[in-house]
Amino acid sequence: RAMATSLLHVAPPEELLRPLAVPERLLLGPGPSNVPGRIRAAGARQLLGHMHPEVLQVMDEIKAGIRYAFQTQNRLTLAISGSGHCAMEAALFNLLEKGDTVLVAVNGIWGARAADIARRLGANVHELLKAPGKYFTPQDIEQVSAGHCAVSTSCPPVWSPSPCVTQGLVQHKPLVLFITHGESSTGVLQPLEGLGELCHRHGCLLLVDAVASLGGAPIFMDQQEIDVLYSGSQKVLNAPPGSAPISFSERARAPGSDTGPTAPSCARGCLTWGWSSLWRRRWVRGKPTTSTATTERGQREDTALCSWKCAWAAFDAREKSPRSVMLSPGTVLGSPGAVGLKKARLPTITTVRVPEGYDWRDITAFLMDEHGMEIAGGLGPTVGKVLRIGLMGCNSTRGNVERVLGALRDALQRCHRSRL
Ligand code: PMP
């Protein structure tokens, strides 16, 4: 025993011996959001083997839930073990290979991130740039238009203040167009109407990031002719992070546009699963690796809620009677919203300009320390300029709107304000 102990040169960390303490917090940032008890309880159950029939059944149920949430009949619909980023990679890895041309709509950090991943894949990347806070019209996407150029190709890019000319589908003839439905770094909701049809007219696939919007803003994958759609679990779906829904249309899987067998990552190479017999059994269930079963069970519980929400969103869109709780920027202490047009505001994340004279860090720290509440500062192009307040899924209640407004008023009275 003495000898065994002497082999251990690193002492056991004392902090790991203390019981875990998790404070109560209201998560009103851009995600993650709070997880309801039913979903937490699902994750606390005993583990099963990832190929046990009960687990495979849960996977089938999740696939059905995702099809409902996305409003799609696509066969290749599954939950990736990983966060939204992993789904973004899976989408790009399976659509593009070296030398393919991709057009990426960049009006915040997420388009810039997709362009970065595509560049690393060796794709021929063209960026369609708009100033943060703006969205793309079908005309912007199709043809030459006046946008805002990046003055650096860093991620995120730095936008030049004066407009310049960028080119679209007609000039670049890309294989894929990437666009973000809910730009969580700026608070912009991208209208998707007509984009699928437009892309298909130009022989291009439409890839949409709905990580920050699914369940909070209507999206209809089949009707809107979206070829690849993905989201994440920790935002409107109110599940723990680590399970990202994704779906591929038959067009995206069609031979010719399929690059699956050469996808540079096995775990993310979804399309290989359909063709290789090695993966077939797993692909049928929609899962290539040992699943993160805890989050998956969380998501199984979640899809019931999510399905309901999406059904509501669909109804809402039809009835044109928005009933979601949406923070009106004007009501946040008189500070203007960062997104001008109301129809372009993301219902799940409101961006509000940092009230004059205040440091955003003081405000977010004050809310955390004094009110047990998380809101966030800006991200990428909006750092230092805005506060981001998320109302997602079960957190989207009038009570929480009152709480966050009250906490912000309190912050403005008690945080330091510079006289400049
Ligand atoms: N896309 C968008 C629009 C997002 O808001 C996020 C997360 N904030 C991501 C992708 C990446 O997702 P994750 O953090 O789950 O990896």
Side-chain angles (χ1 to χ4, degrees), residues 27-35 66 69-70 79-93 104-118 130 132-136 155-156 177-192 206-217 219 226 228-247 265 267-268 292 295-296 298-299 302 306 338-339 344-351 364 374-383 386-393 395:
L27 303 179
L28 299 186
S33 55
N34 291 89
V35 178
I66 297 170
F70 283 9
I80 300 266
S81 296
S83 70
H85 263 104
C86 297
M88 185 190 276
E89 283 186 356
L92 292 164
F93 282 14
V104 182
V106 182
N107 56 348
I109 194 171
W110 300 109
R113 185 67 49 81
D116 188 17
I117 296 170
K130 276 261 163 161
K134 304 276 182 233
Y135 63 88
F136 296 87
C155 180
L177 170 75
F178 174 98
I179 202 156
T180 311
H181 188 216
E183 226 326 324
S184 57
S185 65
T186 59
V188 167
L189 180 69
Q190 169 64 46
L192 296 173
L206 175 60
L207 162 56
V208 176
D209 174 321
V211 173
S213 57
L214 179 77
I219 194 157
I226 299 169
V228 184
L229 179 64
Y230 64 84
S231 190
S233 51
Q234 77 277 25
K235 304 220 178 213
V236 180
L237 307 187
N238 299 128
S243 181
I246 190 166
S247 181
S265 158
R268 307 261 171 269
T292 48
T295 24
E296 248 151 34
Q299 195 170 12
D302 173 56
C306 159
V339 180
R345 280 185 213 145
L346 184 58
T348 49
I349 301 169
T350 302
T351 42
T364 54
E374 179 186 57
I375 67 163
L379 179 69
T382 59
V383 169
V386 303
L387 295 169
R388 293 182 302 153
I389 305 165
L391 288 168
M392 299 185 185
N395 279 356

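Note that ligands are numbered from 1 as they come in the structure, with each ligand's atoms numbered from 1 the same way. Heavy-atom basis, side chains included; hydrogens, waters and symmetry copies ignored. FYI, the numbering just counts along the sequence from 1.
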Quiz prompt | Val236 side chain near Ser33 side chain, heavy-atom distance below 4.5 Å | solution = no

Quiz prompt | Side-chain heavy atoms of Tyr230 within contact of Leu214, under 4.5 Å | solution = no

Self-check item: Exam field: side chain Ser231 to backbone Ala210, donor-acceptor pair closer than 3.5 Å
Solution: yes

Quiz item: Would you say Pro30 contacts ligand 1, with heavy atoms under 4.0 Å as the rule?
Solution: no

Quiz item: So is His181 in contact with ligand 1, going by heavy-atom distances below 4.0 Å?
Solution: no

Quiz item: So, do His181 and Leu189 sit near enough that their side-chain heavy atoms are less than 4.5 Å apart?
Solution: yes

Self-check item: Numbered atoms of ligand 1 (with element) below 4.0 Å of Ala212, judged on heavy atoms
Solution: 5 (O)

Quiz item: Does some side-chain heavy atom of Leu192 sit less than 4.5 Å from a side-chain heavy atom of Leu206?
Solution: no

Quiz item: Can you tell me the protein heavy atom closest to atom 5 (O) of ligand 1 and the distance?
Solution: Ser184 OG, 2.5 Å

Quiz item: Should Thr180 and Val188 count as side-chain neighbours, where that means a heavy-atom distance under 4.5 Å?
Solution: no

Self-check item: Which of the ligand 1 atoms, numbered from 1, are nearer than 4.0 Å to a heavy atom of Gly84
Solution: 12 (O), 13 (P), 15 (O), 16 (O)

Quiz prompt | Where ligand 1 meets Asp209 - atom numbers and elements under 4.0 angstrom, heavy-atom basis | solution = 1 (N), 2 (C), 3 (C), 10 (C)

Quiz item: Any sub-3.5 Å donor-acceptor pair from Ser233's side-chain atoms to Pro240's backbone N or O?
Solution: yes

Exercise. Could you list the atoms of ligand 1 found under 4.0 angstrom from a heavy atom of Gln234?
Key: 13 (P), 14 (O), 15 (O)

Quiz prompt | Whether Thr348 side chain and Ala212 backbone form a donor-acceptor pair below 3.5 Å | solution = yes

Quiz item: What atoms of ligand 1 come closer than 4.0 angstrom to any heavy atom of Gly182?
Solution: 3 (C)

Practice problem: Write out the residue and atom name of the closest protein heavy atom to atom 4 (C) of ligand 1, then the distance separating them to 0.1 Å. | Solution: Trp110 CE2, 3.4 Å

Quiz item: If you measure from each non-hydrogen atom of Lys235 to ligand 1, which part falls under 4.0 Å: side chain, backbone, both or neither?
Solution: side chain

Exercise. May I ask you to check whether Ser83 has an N/O atom sitting below 3.5 Å from an N/O atom of ligand 1?
Key: yes

